[in-house]
Amino acid sequence: MRNLDEDNITQAVLARHAAMPDERLREIMTSLVQHLHSFAREVKLTEEEWFAGIQFLTETGQICSDKRQEFILLSDTLGLSMLVTALNNRKPQGCTESTVFGPFHVEGSPEYALGDNVAEGVKGEPCFVRGTVRDINGEPVPHASMEVWQADADGFYDVQYEHLEAHQGRGTFRSGPQGEFHFRSVRAEAYPIPYDGTVGRMLKALSRHPWRPAHLHFLIKAEGYETLITHVFRDGDQYLDSDAVFGVRSSLIADWVWHEAGIAPDGSRVDVPFYTLDFDFVLNPVQAGKAA
Ligand code: BEZ
Ligand code: FE
């Protein structure tokens, strides 16, 4: 095919893909090419703008390492991650909703017994978290694997500290025989997503802030139930309606209740004011033929 012009080049590209044996790949690539071309036509993309886009994506790739994934951050801040989460996690009313995974989960975080303190010296105000894991009928889900991770009082996850070897503010538990869980940590605080790279530059250019409202991450797995990836957000946080990654759902907002220094829910004595957080999770049973 020769002498292609702005009207017939899209069809020419699609025709080149016609022999692709993988049907799903063909579906995705057809739609991607159509949307990309439509986008360029719609905004009448100039050559300078095209090149600026190429440079932006090149730099985004150059920032990526085994510690940092700037492309996922780009997807998060453009709402794509949350859209994909929503599309793939439709659940019956009453189930705990999912939200974005985020880049700060660590495989194989330390195992703790119920009641343990996952803070491990991390900076922050003490917080006692408790709740239950249940199914949609209100039946307890015992022995569910529960991974929790959070930022410290300065808004950083342990993995963001270059020279920190030990895990802090993260851990794995199993719910008890009645689906109950409880542990100690520190109060979650709002924090900005990493904004010293291309994504930060983009947010600035768009007059957007990089902040996420305070939240606690959970990843919950139990036999026979869909894996739940979610957060609990702190009520009253100023960024609940402007989360940089569009992850907030009203059903995931909870109260961190302030208490005077004294006896904590686990019976221990705390010499400084502390918080309690109560939150129950409801898991969705795996549908026949669908993976957890
Ligand atoms: C997080 O909550 O850890 C997170 C999610 C998306 C982008 C950056 C951080
Ligand atoms: Fe987070």
Side-chain angles (χ1 to χ4, degrees), residues 60-61 63-89 96-107 109 118-120 122-124 127 129 146-161 164 167-172 183 185-204 206 208-220 227-254 256 277 279 281:
T60 300
I63 295 167
C64 292
S65 68
D66 57 347
K67 293 231 157 48
R68 178 155 179 177
Q69 232 303 351
E70 194 78 356
F71 273 116
I72 294 186
L73 212 52
L74 182 59
S75 161
D76 295 339
T77 49
L78 293 178
L80 180 62
S81 307
M82 197 55 208
L83 172 60
V84 173
T85 296
L87 287 171
N88 289 280
N89 290 277
T96 304
E97 294 186 280
S98 303
T99 189
V100 283
F101 196 33
F104 300 124
H105 172 260
V106 170
E107 281 298 332
S109 72
V118 302
E120 298 291 3
V122 81
K123 201 168 148 189
C127 178
V129 184
M146 307 183 71
E147 286 182 61
V148 56
W149 66 105
Q150 68 165 104
D152 64 13
D154 291 330
F156 292 109
Y157 288 80
D158 53 1
V159 287
Q160 292 179 283
Y161 291 101
L164 189 67
H167 290 296
Q168 287 186 325
R170 70 176 70 239
T172 305
F183 62 92
S185 187
V186 295
R187 190 177 84 141
E189 303 294 342
Y191 65 85
I193 61 169
Y195 60 93
D196 56 343
T198 45
V199 169
R201 240 168 49 214
M202 177 189 79
L203 293 180
K204 199 158 175 232
L206 294 170
R208 282 175 54 181
H209 71 69
W211 287 84
R212 297 216 65 205
H215 59 271
L216 193 52
H217 291 258
F218 284 91
L219 189 163
I220 305 179
T227 294
L228 174 64
I229 295 173
T230 196
H231 314 346
V232 182
F233 292 94
R234 208 172 88 206
D235 199 10
D237 191 289
Q238 63 172 311
Y239 299 111
L240 284 173
D241 289 310
S242 64
D243 180 9
V245 303
F246 306 96
V248 179
R249 294 183 178 281
S250 302
S251 67
L252 301 177
I253 299 173
W256 264 246
L277 166 66
F279 198 85
F281 296 94

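Both ligands and their constituent atoms are indexed starting at 1 by order of listing. These numbers were taken from a predicted model, which means no experiment stands behind them.
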Worksheet item: Applying a strict 4.0 Å limit to heavy atoms, is Tyr157 in contact with ligand 1?
Response: yes

Item to complete: Examine distances only and state if a side-chain atom of Arg208 and a backbone atom of Ala244 form a donor-acceptor pair shorter than 3.5 Å.
Response: yes

Worksheet item: Under 3.5 Å, N or O to N or O, is Arg212 touching ligand 1 that way?
Response: yes

Item to complete: Run down the list Pro210, Ser81, Pro103, Gly247 and name the one with the heavy atom closest to atom 9 (C) of ligand 1.
Response: Pro103

Discussion item. Please verify the inter-ring angle class for Tyr161 with Phe156; under 30° counts as parallel, over 60° as perpendicular, anything in between as tilted.
Written reply: perpendicular

Worksheet entry | Angle in degrees, rounded to 10°, that NE2 of His217 and OH of Tyr157 form at the Fe ion (ligand 2) | 90°

Worksheet item: Please state which protein non-hydrogen atom is closest to atom 6 (C) of ligand 1 and give its distance, to 0.1 Å?
Response: Asp76 OD2, 3.2 Å

Item to complete: Could you please spell out the steps behind the salt bridge (charged side-chain N to carboxylate O under 4.0 Å, His left out) verdict for Arg234 and Glu189?
Response: CA-CA 8 Å; Arg234 208 172 88 206; Glu189 303 294 342; 3.4 Å; yes

Discussion item. When you measure from the side chain of Glu70 to the backbone of Val199, do you find a donor-acceptor pair of N or O atoms at a distance under 3.5 Å?
Written reply: yes

Worksheet item: About how large, to 10 degrees, is the angle NE2 of His215, then the Fe ion (ligand 2), then OH of Tyr191?
Response: 100°

Fill in: Test: Asp76 and Arg212 ion pair at under 4.0 Å
no

Fill in: Any N, O or S atom of His231 closer than 2.8 Å to the Fe ion (ligand 2)
no

Worksheet item: For ligand 1, which atoms, with element, lie under 4.0 Å from some heavy atom of Leu73?
Response: 7 (C), 8 (C)

Item to complete: May I have the step-by-step check of side-chain hydrogen bond (donor to acceptor under 3.5 Å, both in side chains) for Thr85 and Ser98, ending in yes or no?
Response: CA-CA 7 Å; Thr85 296; Ser98 303; over 6 Å; no

Response to the item:
Atoms of ligand 1 under 4.0 Å from any heavy atom of His217, numbered from 1 in the order shown, are 1 (C), 2 (O), 3 (O)

Worksheet item: Which protein heavy atom lies closest to atom 5 (C) of ligand 1, and at what distance to 0.1 Å?
Response: Gly102 CA, 3.4 Å

Worksheet entry | His215 near ligand 1 by a heavy-atom separation under 4.0 Å | yes

Item to complete: Measure centre to centre between the rings of His167 and Tyr157, then say whether the value is under 6.0 Å.
Response: no

Worksheet item: Hey, looking at atom 1 (C) of ligand 1, which of Phe246, Tyr191, Phe104 has the closest heavy atom?
Response: Tyr191

Discussion item. Quick check on the 6.0 Å ring-centre criterion: do Phe104 and His217 meet it?
Written reply: no

